[in-house]
Amino acid sequence: MPSRETAFTRILAVVRKIPRGRVMTYGAVARVAGLGRGARVVGYALRAAPSGSVPWQRVMGLAGPGWARVSIRDPLAGAIQRQLLEKEGVVFDGRGRVDLSRFGRK
DNA sequence: ACTTTGACGACTG
DNA sequence: GCAGTCGCCAAAG
């Protein structure tokens with residue numbers, strides 16, 4: 001345990017708790033981690049996190065109420081994210097979106 | 001202590 | 001529907 005708990009460590013803790021085959025949006029992670037509207041900070045934390053230390057692929061961008069989408073700007077990383085999620089059972093619709101009522105974590 | 005930087009999100013044209 | 005802008009907030013330089 002870090003002697004001083006930062007927003008950074010709280011974010012990673014939340015992401016690590018997302019079950020396999022489920023996803024959360026950046027905003028939802030921020031809220032659970034006690035950041036309020038700090039959705040951007042979640043992205044910042046994941047970017048800085050050591051690779052393999054956290055299931056980063058389960059964090060997606062919001063795409064309207066009840067839907068999530070791959071929101072990462074880098075197209076290569078985006079394709080990898082989608083691949084990883086489909087491998088664990090997450091289904092994308094024809095427009096590349098994921099139904100949060102089926103795969104989202106409350 | 002101040003400025004820049006974003007794996008975001010809501011809003012605008 | 002896509003691109004640009006703005007508000008948000010912690011971390012990095």
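Chain naming here is simple, since letters A, B, ... match the order of the sequence lines and numbering starts at 1 in each.
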With no angle test and no hydrogens, is the base of C:dG7 tied to the side chain of A:R40 by a donor-acceptor pair under 3.5 Å?
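By the distance-only test, yes, there is a pair.
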Check the distance between [N]'s [atom2] and [X]'s [atom1] and give it to me in whole angstrom.
| X | N | atom1 | atom2 | answer |
| --- | --- | --- | --- | --- |
| A:R69 | C:dG1 | CZ | C1' | 11 Å |
| A:W67 | C:dG1 | CH2 | P | 13 Å |
| A:L35 | C:dA10 | CG | C1' | 8 Å |

Pairwise 5' ranking along DNA chain B for A:A28 and A:V41, keeping only the more 5' one:
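Its nucleotide being nearer the 5' end, the pick is A:V41.
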First and last nucleotide of DNA chain B touching chain A, 5' to 3', heavy-atom cut-off 4.0 Å?
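Range of nucleotides within reach of chain A: B:dT5 to B:dA10.
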Heavy-atom side-chain contact between [X] and [Y] under 4.5 Å:
| X | Y | value |
| --- | --- | --- |
| A:L100 | A:T25 | yes |
| A:V32 | A:K17 | no |
| A:V29 | A:V15 | yes |
| A:L12 | A:L46 | yes |
| A:R58 | A:R105 | no |

Residue-level proximity of residues 73-82 of chain A to DNA chain C when a heavy atom falls under 4.0 Å:
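Per residue number, the list is empty: none.
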Determine whether A:W67 and A:V23 fall in the same hydrophobic cluster, where Ile, Leu, Val, Met, Phe, Trp and Tyr are linked whenever their side-chain heavy atoms lie under 4.5 Å apart.
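No: no chain of side-chain contacts under 4.5 Å links A:W67 to A:V23.
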side-chain contact (heavy atoms from CB on, under 4.5 Å) assessment of A:I11 paired with A:Y44
CA-CA 10 Å; A:I11 289 167; A:Y44 194 102; over 6 Å; no
For A:Y44 and A:A39, find the nucleotide of DNA chain C closest to each by heavy atoms; which residue's nucleotide sits nearer the 5' end?
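So the residue in question is A:A39.
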With DNA chain C as reference, determine whether A:G36 or A:A48 sits nearer its 5' end, using the nearest nucleotide of each.
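Taking each residue's closest nucleotide, the earlier one in sequence belongs to A:G36.
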OP1 or OP2 of C:dA10 under 4.0 Å from side-chain N/O of A:T6
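No, no such contact exists.
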I want to check one thing: is the phosphate of C:dA10, taken as OP1 and OP2, less than 4.0 Å away from some side-chain N or O of A:R10?
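For A:R10, the contact criterion (side-chain N or O under 4.0 Å from OP1 or OP2 of C:dA10) is not met.
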For the residue pair A:S53 and A:R16, what are the closest heavy atoms and their distance?
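The answer is O-NH1, 3.0 Å.
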Nearest heavy atoms of A:G61 and A:S71, plus distance in Å:
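Between these two residues, the closest heavy atoms are CA-CB, 3.6 Å.
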Base, sugar-phosphate alone, or nothing: which one does A:L62 contact when heavy atoms must sit under 4.0 Å apart?
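Contact class for A:L62: sugar-phosphate only.
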